[in-house]
Amino acid sequence: MSCVLELKDVVKEFPGVKALDNMQLQLEKGELHAVCGENGAGKSTLMKVITGVYKPDQGEMILKGEPVKIKNPNDAYSKGIAIIYQETSLFPELTVLENIFIGHEPIKCIAGIKVIDYAEMRKKAIQIFNKLGIDIDLDGLVSKLGVATKQMIEIAKALSYEAEILILDEPTAALTNREVRALFETIARLKSDGVSMVYISHRLEEIFEIADRVTVVRDGQYVATAHTKEVTSNQLISWMVGRSVDELYPKVQVDLGDNVLEVKKLNQYHVLRDINLHLRKGEILGIAGLGGSGRTELAFAICGFSQKDTGEIIIDGKPVCINSYRDAMRNGLVYVSEDRKDKGLVVAMSVKENLTMPILSRLSNLFGIKFKEEESMCQGYIDSLSIKTPHSDFTINNLSGGNQQKVSVAKALAVEPKILILDEPTRGVDVGAKAEIHRMISTLASKGLSIIMISSDLPEILGMADRVYVMKEGKIAGEFMGDQVTQEKVLTVAL
Amino acid sequence: MKKQNKLVIMLKSREFILGLFTLIFFIILFATTNFKTAAGLQAYFRDIAYILVASIAMTILFLTGNTDLSMGTTMGLAGYFAAYVAKLGFEWYIFIPVAIITGLIFAGINGVIVTVFKVPAMVASLALMTIHMGLFTLLPAGGWVENMGPNFTLMGSTNMLTYFPVVFIIALLVFIISVIYMKSSRFSKKIYAVGGNAHASTLAGINPDKTVFITYLIAGALVGIAAVLFYTNKQMVQANSSYGMEMMFITTTVVGGTSVAGGKGNLWGTFVGTFLVALLTRAMIFFGLQDYYSYAFQGVIIIIAVLASAINFSSISKKLFGNNKEVVCCGGNTNEK
């Protein structure tokens, strides 16, 4: 078979990170080539290099035997490469038809004036829909459609460029089982038409079901390529993992106390199913699972950000009613968001203002805020969590990611909670800060705080947690004790 | 494939309900005051003419997620230059292009500041408005032109079929062309795309900055036309007399349902919004309300109209009669990485 697209030694650096290093990829005509790797392994960056969103720093791209440079997304389209992004790139207020042809509408001339040829557009769209075996109202607004339909429109949009190479970035992430079936049928049709496809996914079952070959990437580097018929899922997992756990995870062993938190039969329609969990005093409980498996949603339901359908929450042996985050805080539960810049902190305000925001009522009297107390309290947290800031009035914006994260933890601690829920505590911070944050988490636990740590970073979960729950499709799919858990075990349950 | 009845969709649309509201108000005014005289109706349609054209400009800028607060003062400058040229004896085929070019130049400056220097549109156009105010005082005769002669005022003072001023007919033509343009040009889709999701539009191969800049130019040309429609009726042109009008154009646009955040809205909404806002201005005069009451009254009517048209009837019936089967699904997908 002939190679339609080949990437050789592609390097892409972002300030401080080598997102891609010596990346290889060979796509043959008419094949479905899966690319898999852990979260943050560089899959999406790779695709953005292929489609011209990023320019590679080094390396070669060979399209049908000829070296090419792709300047921008438009250039990629004109060379027959189209991509379906993970997050939808449709325009909700335009119709289906307009979305499919946006930026390259067929035009005709009426009296020398170029106008959009709606009849031609409709004809082409129906042709594409027939090819895909789907039927969608062309004049409906996209904002009224569901995720699966939007995905189909994205595929139709890609085909409208007469793409020969189609890249699908986690296309099944938001689909139900039945919708996934429909998508796979469509993919099979395209394959029989000779379209070559790159399929990014970390769902192994899918890869074995539909892919011809698979390339594994890890930490931005190429690991291996294999035929799916000749490789086992265990082998793939070991390729995807292969990292060592070292002093990045300074976990101190703590004698665990009684149950602090119990959650019984928690249900949330379409999101969470039959969740039972418990958390002991001084314990670090890891929650692993893929993006979209319901980890954050679980934290939201426990903390009262979202309404639960059924379920009981018991704190210190007493059933409590949590209907809002205020209730949660009153019961000693706090949540630190994964998205510190958008949801965790007000980045334009100072360290002190952020830190004392939730407890201002405690720090103020009739005449206003008691500044001295505020300052001394703030200084206390800065010292105890070793937040590196010149002074407490420093703007959050100018702190490093790691220190911002510490401030959001300090802000949570200021409420003096019993239970701390950390959502992705080390996302987007560098290795040094990571180790420091882990040390902080460990110290807090040893002082008797119970911690739920949600993380996509498997080594972090393995290195830090006393016990691990693995979530999959809104359910708790597995529970492991900290000393027995391995990456392979977690991935086998999560995938 | 489920297709809703087109008539039902139309009857439920915001534009239709807003239009109905305007019509009822129109009838009340018509039946109870002197509004029904030829002069009354002419004045109404003459108001609509320039508001409509300028509001189209405001709408397309809103659709890209931008705005232009200097639209009123730009209109003043365009009108001033057109009148100045007309007074020198030039005919319509000279002074109209002069007004359009003035609009283009100032909108172009605005567009450059917004797209090249990345200054938020609100700030950039506010600064430009202030600059325009300064320019007014530097113009010969303090920005006044008198005695332009019939070559200028003929257009504004002529009526067709007794009730319809020529400027109104011109505005309708501009509107019809704009509607067709927004339906069938490639560029119009880019306007929606950039305002709806700038990131996604880049991925679709659209250059957002270029799109915004060209939209500013189109808007500028429209403001030039609006200036001609407004000032040709006047006996004298005073450049600063259109100061503050941008608020009216924003009102018509927003009342018409165009989103301030961009990407959502259409010209028909603005069309109906213009008829309503212009009607309210007239109503103040015919009801004989004092200025200070009139603004408050106008505001209240606008809020009522917008509320009436924004009500989602199906969601209300659901709330009233309950619909337990449908459980709102929250959460959604967390991004990986």
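Just so we're on the same page: letters track the sequence lines, and every chain starts at 1.
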Structural part of A/Tyr161 lying under 4.5 Å from a heavy atom of chain B: side chain
Which portion of A/Leu90 sits near chain B, non-hydrogen atoms under 4.5 angstrom: backbone
Chain B contact via A/Val115 - which portion, at a heavy-atom distance below 4.5 Å: both
Sidechain N-carboxylate O distance under 4.0 Å for B/Asp209, B/Lys118: yes
Interchain contact, A/Glu105 with chain B, by part (heavy-atom threshold 4.5 Å): both
Residue selection (most heavy-atom pairs with chain A, distance under 4.5 Å) from B/Gly195, B/Ser185, B/Ala193: B/Ala193
Contacting region of A/Tyr118 [heavy-atom separation from chain B under 4.5 Å]: side chain
A/Glu460 side chain to A/Thr426 side chain, donor-acceptor N/O pair below 3.5 angstrom: yes
Residue pair A/Asp423 / A/Thr296, side-chain donor-acceptor N/O under 3.5 Å: yes
Polar contact flag, side-chain donor to acceptor under 3.5 angstrom, A/Glu473-A/Ser293: no
N/O donor-acceptor pair under 3.5 Å between B/Thr258 side chain and B/Val254 backbone: no
Donor on one side chain, acceptor on other, B/Thr270 and B/Thr253, under 3.5 Å: no
Chain B interface, residue from A/Ile102, A/Ile113, A/Ile107 that has the most non-hydrogen pairs under 4.5 Å: A/Ile102
Residue, of B/Ser259, B/Ser201, B/Ser188, that accumulates the most heavy atom pairs under 4.5 Å with chain A: B/Ser201
